[in-house]
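Order of appearance sets the numbers: ligands from 1, and atoms from 1 within every ligand.
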Amino acid sequence: MEYRHLGRTGIRVSELSLGSWITFKNQVNVDAAVEIMAAAYDLGVNFFDNAEAYAKGKSEEVMGAALKKLGWRRGSYLITTKIYWGLFDGVNEKSTLNRKRLIEGINGSLERLQMDYVDVLYCHRPDKNTPIEETVWAMHNIIEWGKAMYWGTSEWSAAEIVEAIAIAERHHLHKPVTEQPEYNLFERKRFSGEYVRFYKEHGYGSTTWSPLATGLLSGKYNTGIPEDSRAGVMKTDWLTAAVTDQEKLAKVKALEPIAKELGCTLSQLSLAWCLKNPFVSTVITGASRVEQVHENMKASDVVDKITPEIMERIDVIFGVKKENDD
Ligand SMILES: NC(=O)c1ccc[n+]([C@@H]2O[C@H](COP(=O)([O-])OP(=O)(O)OC[C@H]3O[C@@H](n4cnc5c(N)ncnc54)[C@H](OP(=O)(O)O)[C@@H]3O)[C@@H](O)[C@H]2O)c1
């Protein structure tokens, strides 16, 4: 496993990491979580991602209970969580980054995770109705109280992050250090657009999500929805629509010969493509079973096989034009 700095921080994160979205609680109970996390940890993963909204707090409970059973040294791994959507519908508790919510939120997450601090606390989305200054101060205080080591953003625009950094610098507060954006073969416009200059100038970290486009890029949906897959188990409209999108499925199928040529699986190729981006600190993978962890963690071996020629062929499949093209 290779380790990359989380932006300009002194912390190094395994370039492949593991998250619990949808899986923990819905598909994975505590015993299965123990197995999945142990498989990842044994292969060098040191970064485990969660969020208070995942399974309405139950995902944090499952991870907390699994960690208790695993008994790892706290210094040997990083735990992250995120706050924004909230667990209740109260007027100050939903889709907000106000000070009260953030502080109550981190206290709840720590209780469910059964820990004293998380390593990165993310603002899960930007909040257009709370002044960024209020959010920056609250995140700074949470760090000062020792409840989080660092803080970050998820799906914030470059302009919002730049504003948060400027406020923190003005008041000598802890700055956000990393984004958590979606990034995969289908979703790359931010990285090739608004984030390019920003990442270069600010050295911001990047912990990217849904590298397999929620499983689609593994090829498992090429001939329908398997019953034991995420879409088969969850049966939600948006997931069904996402994994039956014929245009996308055609692209996944067109990728197959390249994976074959490189001697790897579609999942490994798709993850390796994410790893190829030097601005990515860690690619957060998801897994519903141990075998997937074993397969996915081998993606690092594929990175060097993605030559400029292969990259070009992939771009053609995904309809990406060269920078100088009209
Ligand atoms: N910040 C945000 O807003 C945000 C949003 C979403 C996710 N995230 C984070 O990113 C993490 C990863 O996202 P994701 O779970 O959507 O990642 P993903 O890699 O796109 O999808 C993971 C799912 O694909 C299937 N899969 C994984 N490896 C496979 C393999 N080798 N072969 C076949 N199927 C395979 C598994 O589902 P099945 O086996 O059930 O089919 C697995 O749960 C999340 O856990 C979360 O921590 C963050």
Proximal protein residues to ligand 1, non-hydrogen atoms under 4.0 angstrom
G19, S20, W21, T23, Q27, D49, Y54, K82, H124, R125, S154, Q180, W209, S210, P211, L212, A213, T214, G215, S218, K220, Y221, S229, R230, S267, I284, T285, G286, A287, S288, R289, Q292, E295, N296

Take S218 and S267 through the side-chain hydrogen bond (donor to acceptor under 3.5 Å, both in side chains) test and state the conclusion after the steps.
CA-CA 4 Å; S218 71; S267 298; 4.5 Å; no

Side chain to side chain, L269 and L255, heavy atoms closer than 4.5 Å
yes

Are W209 and D49 side-chain neighbours, meaning at least one heavy-atom pair lies under 4.5 Å?
no

Taking the ring of H140 and the ring of W151, is the distance between their centroids below 6.0 Å?
no

What class does the angle between the rings of Y54 and W21 fall in, given that below 30° is parallel, 30 to 60° is tilted and above 60° is perpendicular?
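Rings of Y54 and W21: tilted, as their planes differ by 30° to 60°.
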
Whether F198 and Y195 hold their rings parallel, tilted or perpendicular, with breakpoints at 30° and 60°:
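Because their plane-to-plane angle lies in the 30° to 60° range, the rings of F198 and Y195 count as tilted.
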
